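The block underneath contains the structure these notes are about, expressed in structure tokens.
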2 protein chains.
Amino acid sequence: MMGTESSIRQTVEKSGQEPLTVGDVAAQAGVAPSAVRFYESRGVISATRTSGNQRRFSATAACRIHVGRLAQSVGLSIGEIAELFASLPDDPEPKDWQFVADRLVSEAERRLEKLRSDLEALGSGSRLCDLGAALSNRDESELN
Amino acid sequence: MMGTESSIRQTVEKSGQEPLTVGDVAAQAGVAPSAVRFYESRGVISATRTSGNQRRFSATAACRIHVGRLAQSVGLSIGEIAELFASLPDDPEPKDWQFVADRLVSEAERRLEKLRSDLEALGSGSRLCDLGAALSNRDESELN
DNA sequence: ATAGAAGTTAAAGTAATGATGAAGTCAAGG
DNA sequence: CCTTGACTTCATCATTACTTTAACTTCTAT
């Protein structure tokens with residue numbers, strides 16, 4: 001009756017920590033459990049272990065994954081995403097998230113600007129994509 | 001003594017067509033010949049064949065590859081790039097290139113805007129990434 | 001005409017990004 | 001205790017985006 005949704009399985013009185021399982025994070029992030037494990041293996045998220053060797057995540061894990069997927073959609077690799085999150089504390093405050101979000105948006109903007117300028121360079125003036133680039137030797141200097 | 005750079009190997013009097021080889025295109029685009037063949041197999045570029053079954057490309061091939069690499073940097077897959085180029089004629093005029101470039105920039109902008117809005121949705125208000133989602137007992141005195 | 005650079009195909013390999021399945025372990029309810 | 005669902009690791013498979021290899025063929029310069 002209630003096996004699908006996992007609830008708190010240990011009454012942690014600590015302060016504000018949810019010991020989320022792989023399945024919890026997967027459900028919250030909308031990805032497969034295998035993806036959650038994969039992300040941990042690549043440093044996108046991190047986990048502690050229970051005495052029984054099971055992973056436990058904080059609530060930020062699902063968030064990292066959400067942000068990571070967004071980052072993928074604008075061209076960042078998993079490695080770049082892990083790198084992006086490297087500056088994020090274990091228990092990030094809003095300002096930390098804001099910093100990461102700003103960096104991500106900046107990177108996306110940087111890529112967009114590069115796209116724009118490279119496209120313009122490629123088609124400087126009116127002839128897009130420089131259709132006469134490598135033709136210095138039209139039909140001379142070659143004996144044929 | 002000069003086998004490295006391929007030159008014009010057939011005197012084509014047509015009008016302005018260069019029959020580029022795989023190696024020519026690879027050099028112009030700055031990729032490996034194998035990549036050029038791969039791009040052809042995926043419909044990013046197209047080739048005619050010589051009587052001896054060798055590929056010959058027009059000058060637009062290198063350009064397509066240049067643009068394709070840019071597209072990859074903002075998150076498009078090879079399939080999406082081929083799709084993007086589907087609207088590009090065999091011998092595109094500047095306006096055709098412009099159309100493609102505009103579509104590409106638009107798509108990149110679309111993704112950037114989605115990144116922005118999703119990030120904002122994720123951290124609506126001041127709490128970025130909704131760190132209180134599943135929390136019941138959080139010390140919510142924070143609201144600076 | 002010929003040497004050798006560059007081209008051909010098909011198949012296999014690599015790296016990134018996961019999904020799927022097997023065999024076994026852990027935790028909670030009856 | 002025992003079942004059952006969710007977890008564990010490890011292996012294998014899939015897809016994308018290419019690269020490499022092998023066995024040949026074609027092209028170009030001399």
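Please read all numbers here as calculations on a predicted model, not as lab measurements. Below, read A as the first sequence line, B as the second, and so on, with proteins coming before strands; counting in each chain starts at 1.
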Phosphate OP1/OP2 of [N]: any [X] side-chain N/O under 4.0 Å:
X: A:R55; N: D:dC7; answer: no
X: A:R37; N: D:dT9; answer: no
X: A:R49; N: D:dT9; answer: yes
X: B:T50; N: D:dC27; answer: yes

B:V36 side chain near B:F57 side chain, heavy-atom distance below 4.5 Å
yes
How bent is the helix from C:dA1-D:dT30 to C:dG30-D:dC1, measuring the angle between the end axes built from five pairs each, rounded to 10°?
0°
Length of the line joining [X]:[atom1] and [N]:[atom2], which is rounded to integer Å:
X: B:Q54; N: C:dA5; atom1: CD; atom2: P; answer: 16 Å
X: A:R56; N: C:dA27; atom1: CZ; atom2: C1'; answer: 9 Å
X: B:E80; N: D:dT15; atom1: CD; atom2: P; answer: 17 Å

Cationic N near anionic O, under 4.0 Å, B:E107 to B:R110
yes
Taking B:R116 first and then A:E109, would you say they form a salt bridge - that is, a charged N and a carboxylate O separated by under 4.0 Å?
yes
For the pair [X] (side chain) and [Y] (backbone), establish whether a donor and an acceptor sit closer than 3.5 Å, ignoring hydrogens and angles.
X: B:R111; Y: B:G75; value: yes
X: B:R64; Y: B:V44; value: yes
X: B:R103; Y: B:L84; value: yes
X: B:D96; Y: B:E93; value: yes
X: B:S77; Y: B:E80; value: yes

Considering only nitrogen or oxygen atoms on both sides, find all protein atoms under 3.5 Å from nucleotides 16-20 of chain D and state each distance.
unit_1 : atom_1 : unit_2 : atom_2 : d
D:dA17 : OP1    : B:I78  : N      : 3.0
D:dA17 : OP2    : B:I78  : N      : 3.4
D:dC18 : OP2    : B:Y39  : OH     : 3.4
D:dC18 : OP2    : B:Q72  : NE2    : 2.6
D:dC18 : O5'    : B:Y39  : OH     : 3.2
D:dT19 : OP2    : B:S34  : OG     : 2.7
D:dT19 : OP2    : B:A35  : N      : 3.1

